[in-house]
Amino acid sequence: MPAKEMKTTCPYCGVGCGLKLSTDINEQGECLPVSGDETHPANFGSLCVKGSNLSQTLVPDGRLLTPYVDGKETDWHTAVDEAAERIKAIVAKHGPDTFAFYLSGQILTEDYYVANKLAKGFIGTANVDTNSRLCMASAVVGYKRAFGSDTVPCNYEDLETCDLLIMVGSNAAWTHPVLYQRIVAAKKLRPWMKVVVIDPRKTATCDIADLHLAITPGSDAAIFSYLLVASADTKHLDTAYIDQFTNGFEGCIANARKVTPDLKSTAEFCGIAADDLELLVQLWCSKEKTVSFYSQGVNQSATGVDKSNAIINCHLATGRLGKEGMGPFSITGQPNAMGGREVGGLANQLAAHMDFATPGAIDLVKDFWQAPNMAKENGLKAVDLFKQMEEGKVKVVWIMSTNPMVSLPDTAQVQSALEACDLVIVSDIQASTDTSKFADILLPATGWSEKDGTVTNSERCISRQRGILPAPGEARHDWQAICDLAKALGFASGFSYRAPHEIFAEHAALSCFKNNGKRDFDIGHFSQINQQEYDALLPVQWPVPKGRPEGTKRMLTDGRFYTPNKKANFISITPQKPVLKVTQDFPYLLNTGRIRDQWHTMTRTGKTDKLSRHIDQPYLAISPKDAQTLNLVEKQVVSVANELGRLFLRVKISEDQKQGQVFAPIHWTAAYASNAVVSRLVQPVVDPLSGQPESKIGRVNIESKTDLTYGFVILNQDLKSAVFDEKAMEYWCQIPLKQGIRYELAFSGQHNLAAMARELLTKTAIDAHQGQWLEYENPINQSKRYAYLIDDVVQAVFYFSPNCELVDTAWLVDLVESASKVTAQERSAILVGRLANIEDKGSLICSCFDVGEKQIRLAIKAGDTDLVSLGKRLKCGTNCGSCVPEINACLIADSLAVTSE
Ligand code: SF4
C-alpha cells in the first residue's frame with residue numbers, strides 16, 4: 001500500500017497543534033514522519049519538541065493488550081459482562097450515586113459525550129468528574145460567574161495583536177511552547193508590544209518579559225483588584241461599556257478600594273516593589289489592547305475562581321473584551337479539557353453548557369436523550385469523590401485515561417480510597433501504571449494514533465484526531481467500551497452508535513436543541529454530519545450554529561452575555577493568601593509544575609530518550625541561599641517531607657527560586673522513580689466554588705542525607721522486572737536510552753556493591769555467565785566501577801561513589817549503545833571514568849539538535865555572542881525554539897561573567 005498522509009491533532013497540551021502523520025511505518029513500528037500541519041490555525045506548521053517526537057512514543061512496550069478481571073486475562077465479552085453485573089448489583093443495593101466516572105482531558109469529545117450520557121441520563125448520577133478539575137475548573141467558574149456561561153472570548157491571534165500581554169501563573173515557554181513562540185514572533189514584529197509576567201518564579205517565559213512581578217505565591221488577585229482601583233483613579237474606565245453591558249460595578253469598585261486601597265499596601269501584600277506595580281499600572285493605562293493570559297498558577301488555588309474574576313473585572317471595567325487583541329484568556333493544560341467542558345463532563349455540569357440549576361435544562365436533556373434515570377443535582381468533584389470513596393459511599397469508579405495515584409493531591413488518601421472501593425475499573429493504554437495496580441477490571445484502550453474523534457483546544461477550535469494505526473491486541477476505543485457497558489446494563493437503545501461521527505452529530509444536535517441563542521455552545525451546523533464530512537472536517541472555532549459553518553473567531557463581541565439580563569457581572573473579591581502557611585517544622589513553600597519536554601505522568605513521553613535528555617530526573621529547585629543554609633550541593637539527593645509523606649529528589653540550585661520557596665516537577669511516577677510523586681506532599685485544599693485543588697502550594701522540610709552511596713547503571717537492555725524497591729533504596733530513577741536503559745541510584749547503608757552489580761545482571765536477559773567482568777575499586781575516594789562485556793562488547797556498566805558528582809555518562813551510554821567491540825583504550829577508560837578526546841556536552845539544552853550547555857558556553861567564548869550566530873554554528877534554537885530562553889540565559893550569564901571580569 002502506498003504511504004498516505006493524514007492530518008490529526010497533537011495529544012499533549014491545550015495549544016492543540018495540527019500534525020501530519022504518515023502511514024509509512026519503519027522497522028521500529030514508528031509512523032514517519034510526524035510534522036506540523038501548515039494549514040492548522042493553532043500552529044501553522046510549527047511543533048514543539050514533544051510534538052515532533054511523537055513517533056518515538058508509539059513503541060508497543062508496556063501496552064495493555066487484553067482485558068483483565070481480578071488479575072486474570074480474559075476477553076472483552078467476559079470483562080464487560082462482569083463489570084455490568086457488579087455495577088447492577090451495587091447500584092441496585094446502594095443507589096446510583098455509588099457509581100462514578102473519573103475521566104481525563106486526554107480522551108476525545110465523543111468518549112466524554114457517551115460517558116456523560118450514560119452516567120447522568122441512564123445510571124442516574126452526576127458523578128462524572130475528570131482530571132481537568134485539576135487544571136482549569138476555576139477558570140470555568142470564573143467565566144460563568146461573570147458571563148453566565150463558560151465562554152472563552154479570545155483567540156490565539158489576540159495574543160499576537162495585543163499591545164500588552166499579561167501572563168499570570170503561566171510558564172507558557174515550557175507548557176504551551178508553540179503558542180509562546182507565536183508570541184515571541186509577534187513581539188519581534190511589533191516591538192511596542194509589552195509583556196508582563198506575574199509568577200513567583202523566574203521561569204523561561206520571563207525571557208520575553210519587559211516586567212516580571214515575582215509575587216508572593218497566591219497573591220495575584222490583589223494585583224488585579226488594585227488595577228481596577230487604578231483604572232478608576234486614572235480615569236481609564238469605559239463607563240459607557242460598564243453602564244450598558246454590566247451589573248454590579250459600584251459594589252465591586254467600592255470593595256476593591258477597601259481591600260486594595262493603595263499602591264504601597266498592595267505591593268507589600270504581593271511582596272513586590274511599589275515601582276514595579278506602578279509600572280504595570282502605567283502599562284495597563286497606556287495600552288488599551290490588553291490580553292490577560294492565565295493558567296494553572298491562577299487556577300490551582302483555594303481562591304482560583306476569585307483570581308479569575310479579579311482579572312475579568314479589570315477587562316469589563318475597561319471594556320477590553322470581545323475586541324481584537326483584548327480579553328481575559330484562560331489557557332487549558334490538556335488537549336481536550338475544552339471538549340470535556342462542551343459535553344458537560346464535570347460533576348457540576350449537566351450537558352452542552354447547561355447546568356442542573358439552569359431552568360428547564362434537566363427536562364430538556366431528558367427529552368433529548370430519552371433518558372430513563374436523569375441525575376437531578378451536581379455530583380462529586382474530584383477530591384470529594386475520592387474522599388467519599390474512602391468512606392465507602394462511592395463503591396464503583398471507572399477511571400479512564402488518567403492516573404489519579406500521581407495527579408491528585410494526597411496520593412496516600414487516593415490509595416486508601418481505591419483500596420476501599422468495591423469495584424475499580426481502569427481503562428488505559430499502559431499495562432502498568434500507579435493506578436492500574438488497584439484495578440479489579442482492567443480494560444485495554446486505544447491510544448492517540450489509533451483513535452478517531454474530535455478535540456477542542458484553548459481557543460475553542462474543534463479539530464479532528466484521526467486514527468492512523470490499527471488498535472493493538474484487543475484494545476478498544478473508549479467510546480466503544482462505554483457503549484458496550486451501557487448495552488450490558490440494558491441501555492442499548494441510547495448507545496447503538498456505529499462510529500464516532502454519529503456521536504459527534506448527536507452532541508451537535510443537543511447543543512442546538514431548543515437553544516435559540518440562549519446558550520453559547522451551539523455547533524448545530526454539524527447535527528447531520530455524515531462519515532465523509534466528518535472525515536474531511538477542518539479545524540473550526542465554536543460556536544458553529546446552523547447557517548454559520550465558518551464558526552466564530554471571537555466571542556462576546558456585542559456586549560451581550562448569557563446572564564438573565566444579558567449583562568456581565570462584576571464580582572467583588574477579597575484577595576487571600578494561600579490557606580497553607582509554612583511553619584517551623586515545614587519552613588519551605590513548595591511550588592509544583594511541568595517541565596519542558598515531559599507530559600503529565602510520562603506514560604508516553606517517558607518512552608523516548610529524546611525527551612528525557614533535557615531534564616532526566618526528578619528534582620527540587622532551591623535558591624542558592626537556602627542551599628547554602630542547608631549545606632546542599634548540586635545533584636545531591638535530599639529528603640523533602642511533610643505531614644503527608646516523604647520524597648527523595650535531586651537538588652537543583654537555581655537563582656530563579658526565591659528564598660524560602662522550592663519547586664518540584666509533577667511528572668515522575670512510581671513507574672519511573674522511587675519516592676518522587678510530588679502530589680503526595682500536596683494537601684487536598686480546594687477552591688470551595690470550583691473544587692480545584694491548591695496544587696501550587698505545599699509546605700515541606702528539607703533534609704540533607706549525607707550517608708548516601710550514589711551510583712548509576714547502564715544496561716543495553718531493560719530489566720526483566722522492577723528490582724528497585726522504594727523501601728530498599730531511597731532514590732532510583734530510570735531513564736530510557738535509544739538502546740537500553742540507565743538507572744540513577746542513591747541509597748544508604750553498607751552494601752557489597754560488586755555483589756549488587758552481579759545480582760542486577762541476573763535480572764536482565766544478558767547472559768551472566770559467558771562474559772567478562774572489569775572491576776576497579778579506588779580505596780582513596782571509595783568509588784567503584786564495574787563493567788560486563790561479552791566478546792568485547794559492553795553489556796552493562798555500574799558506577800558507585802559516596803560523591804553525588806559522578807562522571808558524565810553520555811560517552812558511556814554511546815559505548816553501550818554502539819554494541820561494537822571496545823578498544824583497549826576504551827576498556828581502561830571505563831574503569832578510569834573518562835575517555836580522552838570525548839567532548840562533554842553538559843546538560844542538554846536543545847533537544848532538537850542535541851546541543852548541551854557546555855557546547856553553547858564554549859561557542860559563546862569563541863565569539864558567537866548572539867542567538868543567530870549560535871544557531872549558525874550549533875543549530876541550537878533553530879527548530880522548535882523551546883530552548884531559546886535557556887540559550888538566552890547562557891548568553892546573559894556569559895555577558896555578566898565578562899562584565900565582572
Ligand atoms: Fe503538542 Fe502543545 Fe507542543 Fe503543540 S505546543 S506540539 S499541542 S505539546
Side-chain angles (χ1 to χ4, degrees), residues 7-21 31 33-58 104-106 108 132 135-136 155-156 159-160 167 170-186 203-205 293 295-296 329 331-339 447-449 451 454-466 539 593-608 610-612 614-615 665-667 846-848 877 879-885:
K7 288 186 175 179
T8 185
T9 314
C10 176
Y12 294 127
C13 82
V15 179
C17 295
L19 299 171
K20 291 187 298 189
L21 204 60
C31 297
V34 171
S35 58
D37 174 3
E38 302 85 353
T39 64
H40 197 288
N43 58 316
F44 300 107
S46 300
L47 291 179
C48 76
V49 65
K50 291 189 283 286
S52 49
N53 282 292
L54 262 163
S55 60
Q56 293 190 31
T57 67
L58 300 179
S104 160
Q106 305 280 297
L108 306 185
S132 300
C135 159
M136 50 67 205
N155 61 42
Y156 293 163
L159 297 165
E160 297 168 319
M167 304 181 83
S170 161
N171 181 14
W174 282 16
T175 58
H176 299 88
V178 166
L179 201 49
Y180 177 79
Q181 290 304 326
R182 284 181 62 169
I183 296 166
V184 171
T203 63
T205 301
F293 174 102
S295 189
Q296 264 82 323
F329 196 175
I331 297 296
T332 52
Q334 301 195 78
N336 199 31
M338 188 71 88
W448 160 75
S449 58
K451 292 182 82 160
T454 54
V455 289
T456 308
N457 72 6
S458 296
E459 61 164 356
R460 293 173 281 103
C461 183
I462 299 170
S463 296
R464 276 296 317 274
Q465 213 176 80
R466 294 180 172 92
R594 301 179 185 184
I595 60 170
R596 196 187 77 188
D597 291 1
Q598 291 295 342
W599 174 254
H600 275 197
T601 60
M602 296 169 65
T603 43
R604 279 179 300 218
T605 48
K607 284 182 168 182
T608 163
K610 268 267 194 183
L611 298 178
S612 298
H614 176 234
I615 294 174
I666 59 169
H667 305 288
C846 174
S847 300
C848 298
N879 187 34
C880 76
S882 303
C883 60
V884 167

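Order of appearance sets the numbers: ligands from 1, and atoms from 1 within every ligand. Note that the numbering runs from 1 along the sequence shown for the chain.
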May I ask you to list the atoms of ligand 1 that are less than 4.0 angstrom from any heavy atom of Cys10? 1 (Fe), 6 (S), 7 (S), 8 (S)
Do Lys610 and Cys848 have side chains that approach each other closer than 4.5 Å (heavy atoms only, starting at C-beta)? no
Min side-chain heavy-atom separation Ser132-Gln334 under 4.5 Å: yes
Students should be able to answer this: which protein heavy-atom is nearest to atom 3 (Fe) of ligand 1, and at what distance? Cys48 SG, 2.3 Å
Within 4.0 Å of some non-hydrogen atom of Tyr12, the atoms of ligand 1 are 8 (S)
Pair His176-Ser170, side-chain donor/acceptor within less than 3.5 Å: no
From Cys17, does some N, O or S atom reach closer than 2.8 Å to atom 4 (Fe) of ligand 1? yes
Side chains of Asn53 and Thr608: donor-acceptor distance under 3.5 Å anywhere? no
Look at the side chain of Asn336 and the backbone N and O of Thr456, then say whether any donor-acceptor pair between them is shorter than 3.5 Å. yes
Just need the protein heavy atom nearest to atom 2 (Fe) of ligand 1, so name the residue and atom and give the distance. Cys13 SG, 2.3 Å
Should Asn155 and Cys461 count as side-chain neighbours, where that means a heavy-atom distance under 4.5 Å? no
Sub-4.0 Å atoms of ligand 1 with respect to non-hydrogen atoms of Gly16: 7 (S)
Report, in ascending order of atom number, the atoms of ligand 1 lying under 4.0 Å from any heavy atom of Val178. 4 (Fe), 5 (S)
